[in-house]
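The structure under discussion appears below in the form of structure tokens.
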Number of protein chains: 2
Amino acid sequence: MTKKPTEPANGHPPAARQVPMRDFSRSLPMSLLRAREAVMRQFRPSLREHGLTEQQWRILRALAAIEAVEVTELARTAFLLGPSLSRILRDLEARNLIERKTAKADQRRSMVSISKEGLKLMASVAPTSEAIYAEITRRFGARKLAELQEMLGELERSLAGLGGADETIAEE
Amino acid sequence: MTKKPTEPANGHPPAARQVPMRDFSRSLPMSLLRAREAVMRQFRPSLREHGLTEQQWRILRALAAIEAVEVTELARTAFLLGPSLSRILRDLEARNLIERKTAKADQRRSMVSISKEGLKLMASVAPTSEAIYAEITRRFGARKLAELQEMLGELERSLAGLGGADETIAEE
DNA sequence: GCGAGATACTTAACATGTTAAGTGAATGCG
DNA sequence: CGCATTCACTTAACATGTTAAGTATCTCGC
């Protein structure tokens, strides 16, 4: 074991850089993607054991903190797009982990809440999840973790209102 | 400043916190997800105009820096899973943006390279992409950006070899 | 009140993420 | 050699990301 399967011979490519660009592997999006994947890799197995995906878990967590929410608000909280949320809610409802009822005042809105079963499932997952988070904090350092999150928040804020496109309001 | 994470007197939801957990919206995975989305939101419209998705763009960028690579190595570089890459390469090849040829020495491997057309497309996208990156850097600050990326790298490294599960080597 | 427009979702369609299984080609070992 | 194992990829199947279109409901001006 620990055998090198294939030696590419070249430690690094001889490079034929034909288009001038930053080193791709060091771009901000890639850094963020890799960091997030490194973190999520820790959680996924545990969630999987409980039959939950990352997104389903996000939804349950968001619901556990409140009585009930509209779908749109839940989408914002769990950071999911409407269509994704719509599908997931359908499945979670079929599994009796959440409940839905249309609002009285506005028949368009539907109020979502976590069910007793959903709470039970959460209670069974939470300890492991918290332990993993604690281990990550221990490894990386609580102070640095707080700093990192602060920077991420700043980054987010500094890009707010720079909507990439179709952000032209009241213009033609 | 230096506000405690869990403010009991939060002006947010009436709270029916039934399962003890961290404030979900401030978890590390969510911070990373939101930050990355804030960044990618800037690039997607431009890529879309050129008929490229984020992942296709990653592949082209990775290919532009070298002569040719095996699929597995490309997957590592572009941070894509094999199946995703396999599909995308099929499409990029159909659009004549890349070329493939099986290696002589090992018929299993296929060497992928960017085509002349692919390079032309890249050249047409790169300026806008670089401009967006520059604007992000300007807004957030070059120094802070470097710091952030350093921290993200540290986070990644500190979690390496903590494979969440099925990481048990030489065991049964 | 009523019809145009706005809202809150949902469906649809296509691309990717993710895991498992399949296929053909090399390798290692008896 | 023979053949089980390993490799490098590809397919398959299901879940989500992403954009566009559809549906029912509500709001508002006239």
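Below, chains carry the letters A, B, ... as their sequence lines are ordered, and counting in each starts from 1. Keep in mind it's a predicted model, so treat the numbers as computed, not measured.
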What side-chain donor-acceptor pairs closer than 3.5 Å can you find for residues 72-83 of chain A, not counting sequence neighbours?
| residue | atom | partner | partner atom | Å |
| --- | --- | --- | --- | --- |
| A/Glu73 | OE1 | A/Arg76 | NE | 3.3 |
| A/Glu73 | OE1 | A/Arg76 | NH2 | 2.6 |
| A/Thr77 | OG1 | A/Glu73 | O | 3.0 |

Within residues 76-91 of chain A, residues whose heavy atoms come under 4.0 Å of DNA chain C: A/Pro83, A/Ser86, A/Arg87
Where at least one partner belongs to residues 56-65 of chain B, residue pairs that pass salt bridge (Lys or Arg N to Asp or Glu O under 4.0 Å), sequence neighbours excluded: B/Glu54-B/Arg58
Nucleotide nearest A/Arg109 (side chain, heavy atoms from C-beta), chosen from C/dC9, D/dG17, D/dT10: C/dC9
Side-chain donor-acceptor pairs under 3.5 Å in residues 24-32 of chain A, sequence neighbours left out?
| residue | atom | partner | partner atom | Å |
| --- | --- | --- | --- | --- |
| A/Ser25 | OG | A/Asp23 | OD1 | 3.3 |
| A/Ser27 | OG | A/Phe24 | O | 3.2 |
| A/Ser27 | OG | A/Met30 | N | 3.4 |
| A/Ser31 | OG | A/Ser27 | O | 3.2 |

Spacing of B/Arg100 atom CZ relative to D/dT10 atom C1', expressed in whole Å: 9 Å
d(CE, A/Met40; P, D/dT16) in whole Å: 13 Å
Base D/dC7 to side chain B/Arg108, donor-acceptor N/O within 3.5 Å cut-off: yes
B/Arg48 or A/Gln56, whichever maps to the more 5' nucleotide of DNA chain D: A/Gln56
Whole-Å gap separating C1' (C/dC14) and CZ (B/Arg95): 13 Å
With sequence neighbours excluded, residues passing salt bridge (charged side-chain N to carboxylate O under 4.0 Å, His left out) with B/Glu154: A/Lys144
side-chain hydrogen bond (donor to acceptor under 3.5 Å, both in side chains) contacts in which one or both residues fall within residues 113-123 of chain B, not counting sequence neighbours: none
